[in-house]
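Everything below concerns the one structure shown next.
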Amino acid sequence: MLLNLYRARPKLHLLTPRILSHIHLLPSHALKSSSCLLEAELPIDHCVDATGQDALSRSILGEAGNRPFLVCQSDGKEGSFSEGLAGLRHGFEDSRVSRFERCYVLARKGRLKEMRAILRQMIDEEGSGSAPSLCELLLNNFQDRDSSNLIWDMLANVYARSEMVHDAVVVLSKMDSLNMQASISSYDSLMYNLRHTNLIWDIYEEIGAQGISHSEYTHNILIDGLCKQWKLQEAIYFFQEVRTRQEFNPCIVTFNTLMRGSCNVGSVMIAKSFLSMMMKYGFLPDRYSYNTLIHGLCVAGSLEEALELSEYMEKNGMLLDVVNYNILINGFRLLGLMSETWKLVRKMLLSGLKPDLVTYTILIAGHCERGNVEEGMRMQKEIISRGFQLNVITYSVILNALFKRGQVWEVEQLLGEIGALCLDLDIVFYSTVIHGYCKLGEIEKALQACRLMCYKRVICNSFAHGAILSCLCKTGMVVEARWYLDHLSNSGQPLDIILYNTVIDGYVKSGDIRGAVGLYDQVIKKGITPTIVTYNSLINGFCRIGQLQVAEDLFRTCEHHGLVPTAVTYTTLMDAFCRAGNVDAMLKLFDDMVCNAIMPNVVTYSVVMKGLCKQGNLERAIRILQNMSAIGVSADQIAYNTIIQGFCEVRKKRKAFYFYHEMRRQNLIPSPVTYNLLINVLCMTGEVGNAERLLEDLLDEGVWLRKFAYSTIIKVQCAKGMPCKAIRVFERMVKAGFVVSIEDYCGPINRLCKRDYTNESKIFLNMMLHAGILPDQELCAVMCNAFYKNGDFGSMSAMQALIMKCGLSDIIYPFL
DNA sequence: ATAGGGTTAG
């Protein structure tokens with residue numbers, strides 16, 4: 001589906017402000033006002049943004065659509081859409097009335113299960129937003145009948161359970177106005193479906209106001225909701241309150257819920273105290289109690305205690321189940337101990353349990369995180385061969401790994417597979433894809449995923465906003481990113497610092513330090529606490545414009561604010577010092593960093609090596625390279641390029657090539673920059689032949705080179721009087737698909753003219769004209785002068801004709 | 001009940 005939609009969807013423009021204004025989404029600001037939230041909870045057809053307009057969905061669903069009858073509008077005419085709808089409506093009436101009739105019969109006979117099934121089916125067919133019309137139907141056709149209260153209540157109940165909370169509320173309020181009382185079960189269901197929102201309190205109070213007595217579930221639902229909203233304090237307070245007022249008898253589920261809530265906010269201690277409280281109440285912990293605590297311990301990194309607890313559980317006669325094993329395997333994964341996981345899997349198999357999709361997902365995620373994507377992919381194949389259907393979480397994990405590895409082809413392949421499965425893709429999936437494409441610079445693809453997400457009306461959250469913002473920044477649309485951010489902020493959503501960081505960095509990257517500082521001021525004004533990342537970006541911004549003093553001041557500022565500088569902070573400043581030529585200051589910072597126990601990483605070491613090379617201290621640079629791998633930081637492409645560049649700059653070819661081979665021995669793929677450096681150093685030291693051979697070898701290997709590699713050789717060949725070879729390399733360059741410009745011809749022609757290879761320079765000129773590029777005045781002057789110097793007056797007059805034709809003014813001849 | 005996504009430096 002995903003890929004199909006990519007192709008089939010009419011191409012919208014880049015994310016224009018008009019569209020952007022419609023993809024801000026409701027969830028957080030919806031929490032503030034109940035009416036908005038109810039809109040937000042609805043499926044796509046009834047989602048309207050704050051202004052009540054929804055241009056994007058109109059443009060997709062057609063102007064008339066408040067229900068997604070996509071088929072009806074296939075010819076694009078509004079008229080036919082409404083007619084089609086009216087026709088469908090008409091046909092519905094009878095069946096709806098007769099089905100309600102059956103419900104009344106069943107209600108009278110007390111066959112409530114069958115009655116519920118009919119309502120369930122009706123609501124499934126009608127979809128969300130159907131409550132007003134069903135209520136009207138009931139009012140018009142079944143007023144004053146027996147069992148009405150029951151039918152209405154069941155209708156509210158079924159809506160609530162089908163997660164159509166808005167419709168459930170419509171039915172309940174209609175009931176209220178008709179003096180019918182709803183059951184606690186309907187209120188419980190509604191509360192449960194609103195448990196992620198503030199409205200949970202409103203419903204709870206409504207129950208009290210209606211004078212309906214609580215069920216055994218009511219309090220538990222409220223406590224669970226508060227825990228889900230990370231409001232542990234509030235949950236505990238409510239728990240104590242109703243308990244002391246003796247309105248509530250807690251059960252095992254209550255304690256398990258509170259334990260999970262405690263663990264989720266990182267307090268295993270509090271969870272443990274609930275466990276003992278539970279036992280004081282005379283409850284024995286069940287499987288859920290243990291699993292909750294074991295999970296909490298694993299997430300907190302206390303794997304040993306988690307293992308002890310699971311042994312204790314086993315000793316108490318409770319066999320470990322798949323969930324339990326999964327929790328423990330995940331505990332190993334969280335500590336990066338993938339090599340230990342097979343023991344648990346084996347134990348699991350020996351006790352007759354089979355790993356499930358969750359087990360595999362944990363294992364795949366773990367392997368991918370440790371960089372072993374191959375093993376992850378192997379497991380993917382294994383689960384499929386075992387007959388599992390992967391779900392959206394597993395796919396997200398794998399996609400994320402592939403994106404991080406830059407394996408675009410595999411990504412596309414997998415997206416195609418997923419598209420064919422008609423999975424319901426969720427917000428995490430989309431933000432993974434958007435971020436992934438963004439990082440790879442595939443902005444158009446990122447925007448496509450963005451549009452698809454909006455089209456599917458998947459409600460955006462902070463992660464997805466972040467993905468959109470970084471996408472905009474990366475395309476150079478910082479102004480739009482800022483606009484988007486302000487728009488989010490104005491709609492009342494509390495924005496997290498990461499979103500601000502993204503845009504602040506966007507400003508920095510576009511060279512707009514004032515924009516960056518301006519936004520930083522906004523952050524402070526709003527009372528949002530900046531993070532070290534905020535400062536890192538600002539420091540980088542000032543470094544880029546050469547204001548090192550300000551950058552250093554900022555560095556002190558974050559220490560004052562109690563923020564701990566990271567390797568990025570140090571490395572940014574170190575690199576700035578290095579560029580400013582102050583290698584000693586760079587090394588001093590490096591020492592400070594080590595003294596402050598901030599671990600340098602591969603980027604830091606590369607900067608240090610760059611500085612040392614700049615100082616001519618190549619031996620020490622080599623030692624850094626050796627040391628870093630000794631302490632477990634493995635050198636990457638750029639680290640090797642740095643040292644190779646160091647040696648190239650002092651023309652030490654042997655050493656440069658030594659590290660090139662070393663790089664390949666480490667299974668690192670040299671980058672185009674590596675080859676530029678090597679070819680350049682060969683050319684600069686007169687080894688044109690070797691440069692040519694290297695080029696040939698690389699091309700034979702299928703290596704992708706930059707234009708620089710070709711043009712460096714061409715220039716030297718021309719300068720050394722090898723025009724024929726130069727022409728051949730030039731042809732290869734064109735054949736490789738590079739776009740050639742006038743400069744690419746000027747280089748060789750200048751050099752050939754200088755050495756009086758006028759005939760050969762004419763070949764380059766012809767190739768250039770053939771490519772549709774006209775010479776400029778400077779090039780004509782160079783050539784005319786060369787022809788004049790060599791007495792080639794025929795060519796001179798031909799050149800004159802060309803000058804006229806190109807509309808260039810007269811040439812000044814220094815020789816005349 | 002258990003599994004997935006974000007910002008910064010060479």
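Remember, predicted model here, so these are calculated numbers, not experimental data. As a basis for the values below, the full set of heavy atoms in this structure was taken, side chains included, without hydrogen atoms, waters or symmetry mates. Proteins come first, then strands; the chains are lettered A, B, ... in the order of their sequence lines, and each starts at number 1.
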(request) Ignoring backbone atoms, establish whether A/R333 has a side-chain N or O less than 4.0 Å from OP1 or OP2 of B/dG4. (result) yes
(request) Just jot down the side-chain contact (heavy atoms from CB on, under 4.5 Å) partners of A/T531, sequence neighbours excluded, or say none. (result) A/I497, A/N501, A/V533, A/T534
(message) In whole Å, I'd like the distance from the CG atom of A/L425 to the C1' atom of B/dG5.
(response) 14 Å
(message) Under 4.0 Å, heavy atoms only, any strand: does A/T502 hit a base, just the sugar-phosphate, or nothing?
(response) sugar-phosphate
(request) Verify the contact: side-chain N or O of A/K404 to OP1 or OP2 of B/dG4, cut-off strictly under 4.0 Å; return yes or no. (result) no
(request) Would you indicate which nucleotide in B/dG4, B/dG5, B/dG10 comes nearest to any side-chain atom of A/S606? (result) B/dG10
(request) Answer with base, sugar-phosphate or nothing: what part of the nucleic acid does A/N256 contact at a heavy-atom distance below 4.0 Å? (result) nothing
(request) Kindly say if A/K228 contacts the phosphate of B/dA1, meaning a side-chain N or O under 4.0 Å from OP1 or OP2. (result) no
(request) Can you figure out which of B/dA9, B/dG10, B/dA3 approaches the side chain of A/N540 most closely? (result) B/dA9
(request) Tell me what A/K474 touches on the nucleic acid: a base, only sugar-phosphate, or nothing, going by heavy atoms under 4.0 Å. (result) nothing
(message) Can you identify which nucleotide, out of B/dG6, B/dA1, B/dG5, has its nearest atom closest to the A/D321 side chain?
(response) B/dA1
(request) Would you kindly give the CD-to-C1' distance between A/E369 and B/dG4, to the nearest whole Å? (result) 10 Å
(request) With heavy atoms under 4.0 Å as the rule, sort A/N291 into base, sugar-phosphate or nothing. (result) base
(message) Applying a 4.0 Å non-hydrogen cut-off, can you work out what A/T432 is touching in the nucleic acid: base, sugar-phosphate, or nothing?
(response) sugar-phosphate
(request) Applying side-chain contact (heavy atoms from CB on, under 4.5 Å), name anything that partners A/Y217, two or more places apart in sequence or on another chain. (result) A/D188, A/S215, A/I221
(request) Answer with base, sugar-phosphate or nothing: what part of the nucleic acid does A/R579 contact at a heavy-atom distance below 4.0 Å? (result) sugar-phosphate
(message) If I take atom CD1 in residue A/I624 and atom P in nucleotide B/dG10, what distance separates them, rounded to the nearest angstrom?
(response) 19 Å
(message) Hydrogens and angles aside, do A/T394 and A/T361 bring a side-chain donor and acceptor to less than 3.5 Å of each other?
(response) yes
(request) Report yes if some heavy atom in the side chain of A/H295 is under 4.5 Å from a heavy atom in the side chain of A/N291; otherwise report no. (result) no
(message) Heavy atoms within less than 4.0 Å of DNA chain B: which residues of residues 638-648 of chain A have one? Give them sorted by number.
(response) A/I638, A/A639
(request) May I ask you to say what A/I504 touches in the nucleic acid, namely base, sugar-phosphate or nothing, with a heavy-atom cut-off under 4.0 Å? (result) nothing
(request) Scan residues 323-330 of chain A against DNA chain B and write down, sorted by residue number, each residue with any heavy atom closer than 4.0 Å; if none is found, say none. (result) A/V323, A/N326, A/I327, A/N330
(message) Tell me if the centroids of the rings in A/Y437 and A/F403 come within less than 6.0 Å of each other.
(response) yes
(request) To the nearest Å, give me how far apart OH (A/Y430) and P (B/dG5) are. (result) 18 Å
(request) Ignoring hydrogens and angles, state whether a donor on the side chain of A/N316 or A/Y290 is under 3.5 Å from an acceptor on the partner side chain. (result) no
(message) Nearest to the side chain of A/I498, heavy atoms from C-beta on, is which of B/dA1, B/dT7, B/dG10?
(response) B/dT7
(request) Give a yes or no on whether a donor-acceptor pair under 3.5 Å exists between the nucleobase atoms of B/dG6, that is its base, and the side chain of A/S462. (result) yes
(request) Could you tell me how the ring of A/Y520 sits relative to the ring of A/Y535: parallel (under 30°), tilted (30 to 60°) or perpendicular (over 60°)? (result) perpendicular
(request) Choose from B/dG5, B/dT7, B/dG10 the nucleotide whose nearest atom is closest to any side-chain atom of A/K439. (result) B/dT7
(request) To the nearest Å, give me how far apart CD1 (A/I364) and P (B/dG4) are. (result) 12 Å
(request) Return the value, rounded to whole Å, for the distance between atom CG of A/L554 and atom P of B/dA9. (result) 16 Å
(request) Give the rounded distance in Å between these two atoms: OH of A/Y500 and C1' of B/dT8. (result) 19 Å
(request) Grab the CG-C1' distance between A/L423 and B/dG4 for me, whole Å please. (result) 14 Å
(request) Just compare B/dG6, B/dG5, B/dG10 and give me whichever is closest to any side-chain atom of A/V602. (result) B/dG10
(request) State yes or no: are the ring centers of A/Y484 and A/H465 separated by less than 6.0 Å? (result) yes
(message) Just by distance, no angles: are the side chains of A/N641 and A/S671 close enough, under 3.5 Å, to form a donor-acceptor pair?
(response) yes
(message) Going by side chain to side chain contact (heavy atoms under 4.5 Å, CB included), A/L554 matches just one of A/L538, A/N536, A/T569. Which one?
(response) A/L538
(request) Answer with base, sugar-phosphate or nothing: what part of the nucleic acid does A/V358 contact at a heavy-atom distance below 4.0 Å? (result) base
(message) Please pick, from B/dG10, B/dG4, B/dA9, the nucleotide with the shortest atom-to-atom distance to any side-chain atom of A/T572.
(response) B/dA9
Anything under 3.5 Å between a donor and an acceptor, one on a side chain of residues 250-258 of chain A, the other on a protein residue two or more places apart or in another chain? List them.
| residue | atom | partner | partner atom | Å |
| --- | --- | --- | --- | --- |
| A/T254 | OG1 | A/N220 | OD1 | 2.6 |
| A/T254 | OG1 | A/C251 | N | 2.9 |
| A/T254 | OG1 | A/C251 | O | 3.2 |
| A/N256 | OD1 | A/S289 | OG | 2.7 |
| A/N256 | ND2 | A/D286 | OD1 | 3.2 |
| A/T257 | OG1 | A/V253 | O | 2.7 |

(request) Can you figure out which of B/dA3, B/dT8, B/dG10 approaches the side chain of A/N391 most closely? (result) B/dA3
(request) Report yes or no: is there a donor-acceptor pair, N or O only, under 3.5 Å between the side chain of A/N501 and the base of B/dG6? (result) no
(request) Identify whether any heavy atom of A/L499 sits under 4.0 Å from a base atom; if not, whether one sits that close to sugar-phosphate; answer base, sugar-phosphate or nothing. (result) base
(message) The criterion is side-chain contact (heavy atoms from CB on, under 4.5 Å); which residues satisfy it with A/R620, sequence neighbours excluded?
(response) A/L587, A/L612, A/N617, A/R623
(request) Kindly point out which of B/dG5, B/dG4, B/dA3 is positioned nearest to the side chain of A/L357? (result) B/dA3
(message) Please pick, from B/dT8, B/dG5, B/dT2, the nucleotide with the shortest atom-to-atom distance to any side-chain atom of A/H295.
(response) B/dT2
(message) For a quick check of understanding: with a heavy-atom distance under 4.0 Å over all strands, which category does A/V503 fall into, base, sugar-phosphate or nothing?
(response) nothing
